[in-house]
Amino acid sequence: MKILLFPASERGIKDIGWLKSNFVFSFSDYADPAKSAFGTLVALNDDFLQQGKGFGIHPHVNMEIISIMLKGKMNHKDTLGYSTTVEEGGVQIMSAGAGLRHEEYNIGEEEVNFLQIWIQPKLQNINPRYQLRSFPKSRRKGQLKTIISGEEGQEHCWINQNARLSLGYFDKGQDIPYTFNPVNKCIFIFVMEGSVRIGETDLKERDALGIWDTAEVSIHCTEDAHFLIIETPVNQK
């Protein structure tokens, strides 16, 4: 098993008052050649958005864009005609494909915190699409829940890539096995709350670990823990 640690203390930071972003990978005006991507995962931004503030309408092309709402309430409007509200536990995807434009604003009574994730697509210039589903924390206790897959399904969102995203919410002392086909696949584990141990590596809140060259990983919760697993292709071959 090979690993690459991404400590929370080494993330890039952009603070413009109404928006504070923490970048695991190079993004916006933060650039680190050693942290350009992990497999087809090219962005994982931990964003904090002040009440009433947001992102005006802007375009995207040929990218799988995922938002996981950790706290607060945010709207979504796009040129596909969708107008939705994303609340805590909500997961939305945009397969930008041939192109779309969208906007989001904090419409709640508190600061919004969400994860913004970008994954390179499997196919280029597809018809763009949007999807929103809810995965409340209270319904995920003691579960490793698939929230996004490369296959269509009734219980998760699906995207234009051979990827799988799962949320785990477990008590201290629990061990969670995760298995996957290691051929052209890697996984990226990001801890939102608590702490876990993987092999000899301890991950605390907002730490992340990239893993490859293995078919199985065991995650041990050293505290009550809420974490995200992103399984993606190593490359587009």
Side-chain angles (χ1 to χ4, degrees), residues 40-49 54-55 57-58 60 62-108 110-123 126-170 176 178 180 187-193 225-233:
T40 59
L41 173 65
V42 296
L44 197 161
N45 303 343
D46 189 5
D47 289 339
F48 294 82
L49 184 60
F55 306 93
I57 189 130
H58 59 282
H60 292 286
N62 287 323
M63 189 63 70
E64 302 302 299
I65 299 170
I66 298 156
S67 299
I68 300 175
M69 185 66 70
L70 302 180
K71 185 180 74 170
K73 182 187 295 187
M74 189 167 67
N75 79 327
H76 167 91
K77 293 182 180 180
D78 62 41
T79 49
L80 299 178
Y82 288 96
S83 180
T84 62
T85 299
V86 189
E87 301 189 56
E88 183 175 339
V91 174
Q92 71 173 11
I93 67 96
M94 289 181 291
S95 289
L100 58 73
R101 295 165 64 84
H102 75 112
E103 66 175 49
E104 273 100 13
Y105 285 88
N106 180 347
I107 59 171
E110 62 178 344
E111 181 181 60
V112 155
N113 177 209
F114 72 103
L115 302 181
Q116 180 182 176
I117 298 162
W118 289 16
I119 295 175
Q120 294 172 337
K122 178 172 61 176
L123 301 173
I126 66 168
N127 290 331
R129 58 181 295 274
Y130 171 84
Q131 192 174 24
L132 169 66
R133 289 219 163 119
S134 182
F135 303 90
K137 204 174 176 184
S138 60
R139 299 181 191 173
R140 295 188 283 103
K141 186 71 170 179
Q143 298 181 49
L144 188 60
K145 178 70 173 177
T146 297
I147 59 170
I148 293 172
S149 171
E151 300 177 355
E152 295 187 53
Q154 297 298 315
E155 300 296 325
H156 58 259
C157 298
W158 64 275
I159 60 171
N160 171 32
Q161 182 52 273
N162 297 322
R164 179 180 300 274
L165 280 72
S166 307
L167 286 175
Y169 181 35
F170 293 92
I176 304 93
Y178 186 88
F180 63 105
I187 64 170
F188 191 85
I189 300 174
F190 179 78
V191 180
M192 285 88 76
E193 298 175 84
H226 189 207
F227 55 87
L228 171 68
I229 301 177
I230 303 173
E231 176 186 333
T232 73

Under 3.5 Å, is there a donor on one side chain and an acceptor on the other for Ser166 and Tyr178?
no
Take Asn75 and Thr84 through the test side chain to side chain contact (heavy atoms under 4.5 Å, CB included) and record every step on the way to the result.
CA-CA 6 Å; Asn75 79 327; Thr84 62; over 6 Å; no
Considering all heavy atoms, the nearest Leu80-Asp78 contact
N-OD1, 2.8 Å
So, Glu110 side chain and Lys71 main chain: donor-acceptor pair closer than 3.5 Å or not?
no
Using modelled atom types and a 3.5 Å cut-off, is there a donor and acceptor pairing between side-chain atoms of Asn45 and backbone atoms of Asp47?
no
From CD1 (Ile187) to CG (Leu41), nearest 0.5 Å
12.5 Å
To the nearest 0.5 Å, what is the distance between CD (Gln92) and OG1 (Thr85)?
10.5 Å
Given side chains that start at C-beta, do those of Met192 and Leu228 come closer than 4.5 Å, heavy atoms only?
yes
Hey, mind stepping through Tyr130 and Leu100 against side chain to side chain contact (heavy atoms under 4.5 Å, CB included) and telling me if it holds?
CA-CA 10 Å; Tyr130 171 84; Leu100 58 73; 5.9 Å; no
Looking at His156, Arg164, Glu151, which one forms a side chain to side chain donor-acceptor pair (under 3.5 Å) with Thr146?
Arg164
Do Glu104 and Phe114 come within less than 4.5 Å of each other through their side chains, counting heavy atoms only?
no
Working for side chain to side chain contact (heavy atoms under 4.5 Å, CB included), residues Ile119 and Leu165:
CA-CA 11 Å; Ile119 295 175; Leu165 280 72; 4.0 Å; yes
Evaluate side chain to side chain contact (heavy atoms under 4.5 Å, CB included) for Ile68 paired with Phe135, printing each intermediate quantity in order.
CA-CA 10 Å; Ile68 300 175; Phe135 303 90; over 6 Å; no
Is any side-chain heavy atom of Leu49 closer than 4.5 Å to a side-chain heavy atom of Tyr105?
no
To the nearest 0.5 Å, what is the distance between CE (Met74) and CD (Glu103)?
11.5 Å
Rounded distance [0.5 Å steps], CG in Leu115 versus CZ in Phe190:
5.5 Å
So do the side chains of Glu111 and Asn113 get within less than 4.5 Å of each other, counting heavy atoms only?
no
With a 4.5 Å heavy-atom cut-off, do His102 and His58 have their side chains touching?
yes
Quick check: does any side chain N or O of Gln161 sit under 3.5 Å from a backbone N or O of Gln120, one acting as donor and the other as acceptor?
yes
Would you check if His60 and Ile65 make a side-chain contact, meaning some heavy-atom pair closer than 4.5 Å?
yes
If you round to the nearest 0.5 Å, how far is CD1 of Ile176 from OH of Tyr169?
13.0 Å
Just wondering, do Ile93 and Arg133 contact through their side chains at under 4.5 Å, heavy atoms?
no
Is it true that Glu64 and Ser95 share a donor-acceptor pair across their side chains at a distance under 3.5 Å?
yes
All heavy atoms of Gln131 vs all of Trp158, minimum pair found to be OE1-N, 3.0 Å
Considering only heavy atoms from C-beta outward, does the side chain of Lys145 approach that of Arg139 to under 4.5 Å?
no
Check Ile159 against Ala163 and note the closest heavy-atom contact, atom names and distance.
CD1-CB, 4.2 Å
NZ of Lys137 to CD of Glu88, rounded to nearest 0.5 Å, is 7.0 Å
Distance-minimising heavy-atom pair for Ala98 and Pro128:
N-CD, 4.4 Å
Could you report the tightest heavy-atom contact between Pro233 and Asn162, atom names first, then the distance?
CD-O, 3.3 Å
Leu123 backbone acceptor or donor facing Asn160 side chain under 3.5 Å:
yes
